[in-house]
2 protein chains.
Amino acid sequence: MFEFFAKYLVEKGGFTESELELVRQVTVSKKIRKSHYLLEEGKVSDFIGFVTKGAFRLFRKGEDGQEYTMKFAVENWWISDFTSFLSGEQSNCYIEALENSELMWFSRETWDHLIATIPNFRRMIDKLTARNFEAHQNRIFSNISEPADTRYENFVNSYPTLYNRIPLYMIASFLGITRETLSRIRKQAAQRKTTN
Amino acid sequence: MFEFFAKYLVEKGGFTESELELVRQVTVSKKIRKSHYLLEEGKVSDFIGFVTKGAFRLFRKGEDGQEYTMKFAVENWWISDFTSFLSGEQSNCYIEALENSELMWFSRETWDHLIATIPNFRRMIDKLTARNFEAHQNRIFSNISEPADTRYENFVNSYPTLYNRIPLYMIASFLGITRETLSRIRKQAAQRKTTN
DNA sequence: AACGGAATGTGACAATTGTCAATAGATTTA
DNA sequence: TAAATCTATTGACAATTGTCACATTCCGTT
């Protein structure tokens, strides 16, 4: 599956053949089965993964014991608890495989090495970080300014390869509503469609 | 007011005297009066500011025309629309001075120069970026997992130097509720306190 | 000090969302 | 394949939040 990752590096980072080779040499591929965890609360997220197959979610447990989905990741997405990765402290998140999945796996040491030795790599990650910042801003804005039905609509439009692949109750918690409410929102949306 | 900034650089970044001098040479101080704007929608946020006096808020206008506060900044905080700064594209935000304020003002060129020439500066900003990421995560988690009264309580506890200095309707929009709801939450909280 | 506008508080009611319970459908596992 | 588990939907009702209207307080300007 390295070729899948290589394609990404060429397209997003403009990597050359020799740069790709440098990355290949340190890339570890890892398979993980559905419902298994890549990370659990209390452990340090000392890796970064690039998803080549499957799907993941990152969630936290609330005071109420409920699971709140912070993020999804499918093919071509990066996955880690970056907060824990960057601070080196224990994570308060879980990362769960939602399907049988496969990823390119980078330890903290490997990651730092790539950043330090391949300028293109750092550039790519800096761009990614900026995009991430923007996405966070947009999500916060959505949360404070839009009603639930609009948030769901936006979610579907923003993640067309994602929304019909993931259990609805996870989407509900991602949006900050209950599964029942999401059910009703979807029903209303469907009715509006047939009426038009 | 550079001394105020210098203190920050020493405490947070461990800057040496000679490094401070390098920063001082390129630092521009800027005053701005209450209710004036540091940034308006449609312009590019091509600066980063460090607040040495006063207070700011960064907000976006929603579809409904309402203003939604994305962030506050008081003394010792950085202020900019980082999304626009990082992408170089037009901002969809406003930055408003909430009091007569003063800041250390860095153009994009100056900023890049500081990052490139002072390793300590980049290190400090990298740390800051990591903290920022964590803060975003926590806010999103708060938005999707906590009821409004808890969010307000957390806000007060998290920003003790801020919450009683800023109009309530701005706090309400920051939390994603209406001013009326915030009013009632505060009333209930006060009643609980006198009852105990 | 007085005025006017902005900000906050409050009541009545509407709309939205949550909770609980029951059911049906889908998927996994033995 | 069948049983068990997980997921999604729905109804009835409760709780929360929003909307609108108006009163009150606060604050800056003259």
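No hydrogens, no waters, no symmetry mates; every other heavy atom, side chains included, goes into these values. Every chain is numbered from 1, with letters handed out A, B, ... down the list of sequences.
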Engineer: What is the distance from CG of B:Leu168 to C1' of C:dA6, rounded to the nearest Å?
Structural biologist: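 In whole Å, C:dA6 C1' lies 13 Å from B:Leu168 CG.
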Engineer: Check for me whether the distance between the ring centres of A:Phe121 and A:Trp111 falls short of 6.0 Å.
Structural biologist: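 Yes, the ring centres sit under 6.0 Å apart.
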Engineer: Which sits closer to the 5' end of DNA chain D, B:Asp149 or A:Arg186, going by the nucleotide each is nearest to?
Structural biologist: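 Comparing both residues, the 5'-ward one is A:Arg186.
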Engineer: What is the ring orientation for A:Phe5 with A:Phe106, classed by angle as parallel under 30°, tilted 30 to 60°, or perpendicular over 60°?
Structural biologist: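 Ring orientation, 0 to 90° scale: tilted.
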Engineer: Mind calculating the distance between CD1 (B:Ile171) and C1' (C:dG9) to the nearest angstrom?
Structural biologist: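 The answer, rounded to whole Å, is 15 Å.
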Engineer: Between B:Tyr159 and B:Phe72, is the gap from one ring center to the other below 6.0 Å?
Structural biologist: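 Distance test on ring centres: not under 6.0 Å, no.
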Engineer: Hey, does B:Ile177 reach any base, or is it just sugar-phosphate, or nothing, if we go heavy atoms under 4.0 Å?
Structural biologist: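 Sugar-phosphate: the residue B:Ile177, judged by heavy atoms under 4.0 Å, touches backbone atoms but no base.
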Engineer: B:Glu180 or A:Arg184: which one's nearest nucleotide on DNA chain C is closer to the 5' end?
Structural biologist: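 This one resolves to B:Glu180.
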Engineer: Applying side chain to side chain donor-acceptor pair (under 3.5 Å), run through B:Asn154 and B:Arg139 and close with a yes or a no.
Structural biologist: CA-CA 10 Å; B:Asn154 286 355; B:Arg139 183 160 173 211; over 6 Å; no
Engineer: Provide the start and end nucleotides, 5' to 3', of the part of DNA chain D that has atoms under 4.0 Å from heavy atoms of chain B.
Structural biologist: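 Going 5' to 3' along DNA chain D, contacts run D:dT17 to D:dC20.
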Engineer: For A:Leu182 and C:dT19, what is the distance between atoms CG and C1' respectively, to the nearest whole Å?
Structural biologist: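 Atom-to-atom, A:Leu182 to C:dT19, this comes out as 16 Å.
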Engineer: Evaluate salt bridge (charged side-chain N to carboxylate O under 4.0 Å, His left out) for A:Arg165 paired with A:Glu75, printing each intermediate quantity in order.
Structural biologist: CA-CA 12 Å; A:Arg165 191 173 162 184; A:Glu75 289 87 356; 3.0 Å; yes
Engineer: Just the rounded figure in Å: distance from C1' of C:dA7 to NZ of B:Lys34.
Structural biologist: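 Distance, rounded to whole Å: 11 Å.
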Engineer: Is there a path of hydrophobic side-chain contacts, each under 4.5 Å between heavy atoms of I, L, V, M, F, W or Y residues, that connects A:Ile185 with A:Met170?
Structural biologist: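 Yes, it is one cluster - the side chains of A:Ile185 and A:Met170 are joined through contacts under 4.5 Å.
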Engineer: A:Glu99 CD to C:dT28 C1': how many Å, rounded?
Structural biologist: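 In whole Å, C:dT28 C1' lies 15 Å from A:Glu99 CD.
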